There are 2 protein chains.
Amino acid sequence: MPKTVDHDERRSMILGAFVTLVVRDGLHAVSMRSVAAEAGISLRLVQYYFKTKAGLKQSGLAMLEKLSSERWEKRVGGLPEASTVMETLRALFVEALPTDKQGREFHLLWTAYAVLGETDPEIPNRMIVEGPHRLLRRVASLLKQGQSLGEFDAELDVDSEAVVLIGLIHGLGTAVMIGLKSGDVALKLLISHLDRLRAPRGPDPRVLR
Amino acid sequence: MPKTVDHDERRSMILGAFVTLVVRDGLHAVSMRSVAAEAGISLRLVQYYFKTKAGLKQSGLAMLEKLSSERWEKRVGGLPEASTVMETLRALFVEALPTDKQGREFHLLWTAYAVLGETDPEIPNRMIVEGPHRLLRRVASLLKQGQSLGEFDAELDVDSEAVVLIGLIHGLGTAVMIGLKSGDVALKLLISHLDRLRAPRGPDPRVLR
DNA sequence: ATTTTTATGATACAAGTGTACCATGAAAAA
DNA sequence: TTTTTCATGGTACACTTGTATCATAAAAAT
């Protein structure tokens with residue numbers, strides 16, 4: 001092999017340009033040529049590293065999924081050792097709501113893919129549903145853990161509440177995106193909703209009273 | 001004027017073809033020519049009645065908004081005279097969730113436009129936010145009415161709860177669309193959520209405690 | 001009966017699209 | 001040193017796109 005170039009690095013560099021363009025012009029408006037131009041390379045190279053446009057779009061979605069997973073892991077990892085489940089979930093809200101530029105980008109990207117996946121057979125449905133499903137299980141597991149620690153009402157059906165939570169996250173996220181409500185308000189509403197799930201009576205859950 | 005053709009009828013006929021194509025191929029894939037073919041007319045006529053493609057897309061969104069308003073009015077109007085606020089809201093859920101074909105179409109269309117509006121300057125943001133905003137006020141007003149009738153907890157901040165409700169409707173709707181959860185489950189979750197807002201203790205709310 | 005207006009058809013045009021193909025420098029393998 | 005393999009450039013092809021233009025049947029207005 002000659003030039004010994006790092007394919008993975010090359011690919012993620014191109015995907016960076018891809019994401020930039022999707023955010024700016026919309027997923028539908030991105031072309032092989034525009035990606036090449038944005039990445040500062042030739043059209044031929046975009047073909048070389050992704051073969052087809054469908055490949056590029058699929059890789060874009062896969063990368064989106066991976067990146068968001070990593071960010072979430074990192075944020076949870078950065079939490080203090082003795083954090084409550086409540087605090088962990090709050091961190092998820094901050095991460096998932098489109099409050100900052102990164103959050104807006106993610107929401108836009110994901111929703112665009114969700115819409116595209118509804119009509120485009122080149123985007124398999126499982127690629128869309130996979131991420132939310134993982135998140136769903138994770139939230140349910142957190143709620144269950146919170147239940148056993150006495151943070152949340154023991155009567156709750158954690159699976160149901162998890163669905164409601166991620167539905168609420170996405171729905172409020174969309175409300176923020178279109179400018180119906182601000183990110184701050186959405187976050188506050190999400191937290192108040194979570195407060196409703198708290199264990200009844202007793203200010204400190206760890207002290208049984 | 002010669003042929004004396006009904007422009008409005010013509011336009012809504014073409015918009016019907018437009019919607020059919022958006023649902024089948026996605027908003028991004030609809031072209032002037034495909035709309036013409038689907039409507040069984042010539043390309044020239046699509047131009048004639050909508051001038052430009054931007055005009056077609058804007059009219060599509062406007063029609064979507066109008067149709068959904070009308071459907072909602074009709075459903076509420078069809079409710080029995082003595083319906084509770086709770087029942088009215090339940091009717092909204094059934095109408096808004098993508099449970100049947102029509103519901104799925106609406107959710108897909110609206111979300112596609114919301115995504116498009118994020119990057120396309122030809123779709124003014126107010127056209128996107130207008131519908132949700134009207135719905136928001138309506139739900140808030142219903143909740144308030146329900147409060148004064150004793151159906152809902154008097155302590156509730158109805159405006160906040162309205163935002164949570166429409167966020168939940170949209171979020172769960174998306175969950176149904178991508179196949180994360182079924183429409184039945186989503187509806188059940190929405191209703192249980194509404195139950196949480198019920199007035200505490202007291203079987204007959206109209207009799208004070 | 002002539003003129004004007006309306007509704008429609010056909011088509012041309014420039015731009016942009018994804019993909020395929022051919023060429024080539026350079027580095028590793030032989 | 002020759003040969004093979006990899007990374008890249010350039011470009012051509014067949015389509016599709018939105019829009020503009022020219023033409024015309026027919027009906028209303030004059």
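Each chain gets a letter, A, B and so on, in the order the sequences are listed, and its residues count up from 1. Just so it is clear, the values below take in all heavy atoms, side chains as well, and ignore hydrogens, waters and symmetry mates. These numbers were taken from a predicted model, which means no experiment stands behind them.
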Task: Whole angstrom value for the distance that separates P of dT8(C) from CE of Met13(B) - done: 9 Å

Task: Salt-bridge contact Glu122(A)-Lys53(A) (side-chain N to carboxylate O under 4.0 Å) - done: no

Open item on the list: Please compare Asp6(B) and Val30(A) by the position of their nearest nucleotide in DNA chain C and report the one closer to 5'.
Closed with: Asp6(B)

Task: Residue-phosphate contact under 4.0 Å: Thr52(B) side-chain N/O, dT19(D) OP1/OP2 - done: yes

Open item on the list: Could you tell me how far apart Asp25(B) (CG) and dT16(D) (C1') are, to the nearest whole angstrom?
Closed with: 14 Å

Task: Nucleotide nearest Leu45(B) when distance is taken to its side chain, options dG9(C), dT11(C), dT19(C) - done: dG9(C)

Task: Test item: Leu135(A) and Leu92(A) side chains (from C-beta on) under 4.5 Å apart, heavy atoms - done: yes

Task: Any Ser42(B) side-chain N or O less than 4.0 Å from OP1/OP2 of dG9(C) - done: yes

TODO: Take atom CD1 of Ile41(A) and atom P of dT8(D), then tell me their distance rounded to the nearest Å.
DONE: 8 Å

TODO: Grab the CD-P distance between Gln47(B) and dA7(C) for me, whole Å please.
DONE: 16 Å

Task: Ionic contact status for Glu161(B) with Arg196(B), cut-off 4.0 Å - done: no

Task: Residues, nucleotides or ligands: over 12 heavy atoms within 6.0 Å of Arg75(B) CZ - done: yes

Open item on the list: Rounded to whole Å, please give me the gap between NZ in Lys51(B) and C1' in dT6(C).
Closed with: 14 Å

TODO: Calculate the interatomic distance between Met32(B) atom CE and dG9(C) atom C1'; express it in whole Å.
DONE: 18 Å

Open item on the list: Rounded to whole Å, how long is the line connecting atom CZ of Arg33(B) with atom P of dT11(C)?
Closed with: 13 Å

Task: Spacing of Asp120(A) atom CG relative to dG18(C) atom P, expressed in whole Å - done: 13 Å

Task: Nucleotide nearest Arg44(B) (side chain, heavy atoms from C-beta), chosen from dG9(D), dT17(C), dT8(C) - done: dT8(C)

- [ ] Please state whether the phosphate of dA7(D), meaning OP1 or OP2, lies under 4.0 angstrom from any side-chain nitrogen or oxygen of His7(A).
- [x] yes

Task: Minimum-distance nucleotide (side-chain atoms of Leu43(A) versus dA7(C), dT11(D), dG9(C)) - done: dT11(D)

Open item on the list: Just so I know, are the side chains of Leu116(B) and Lys57(B) near enough to count as touching, which here means a heavy-atom distance under 4.5 Å?
Closed with: yes

Open item on the list: Can you tell me if Ser31(B) touches the phosphate of dT16(D), counting only side-chain N or O atoms and a distance under 4.0 Å to OP1 or OP2?
Closed with: no

- [ ] Name the closest nucleotide to the Val5(B) side chain, picking from dT17(C), dT11(C), dT8(C).
- [x] dT8(C)

Open item on the list: Quick check for you: among dA7(D), dT21(D), dT17(D), whose closest atom lies nearest to any side-chain atom of Lys53(B)?
Closed with: dT17(D)

Open item on the list: OP1 or OP2 of dA7(D) versus the side-chain N and O atoms of Tyr48(A): is any pair under 4.0 Å?
Closed with: yes

- [ ] Output yes when at least one side-chain N/O atom of Tyr49(B) is less than 4.0 Å from OP1 or OP2 of dT8(C), else no.
- [x] yes

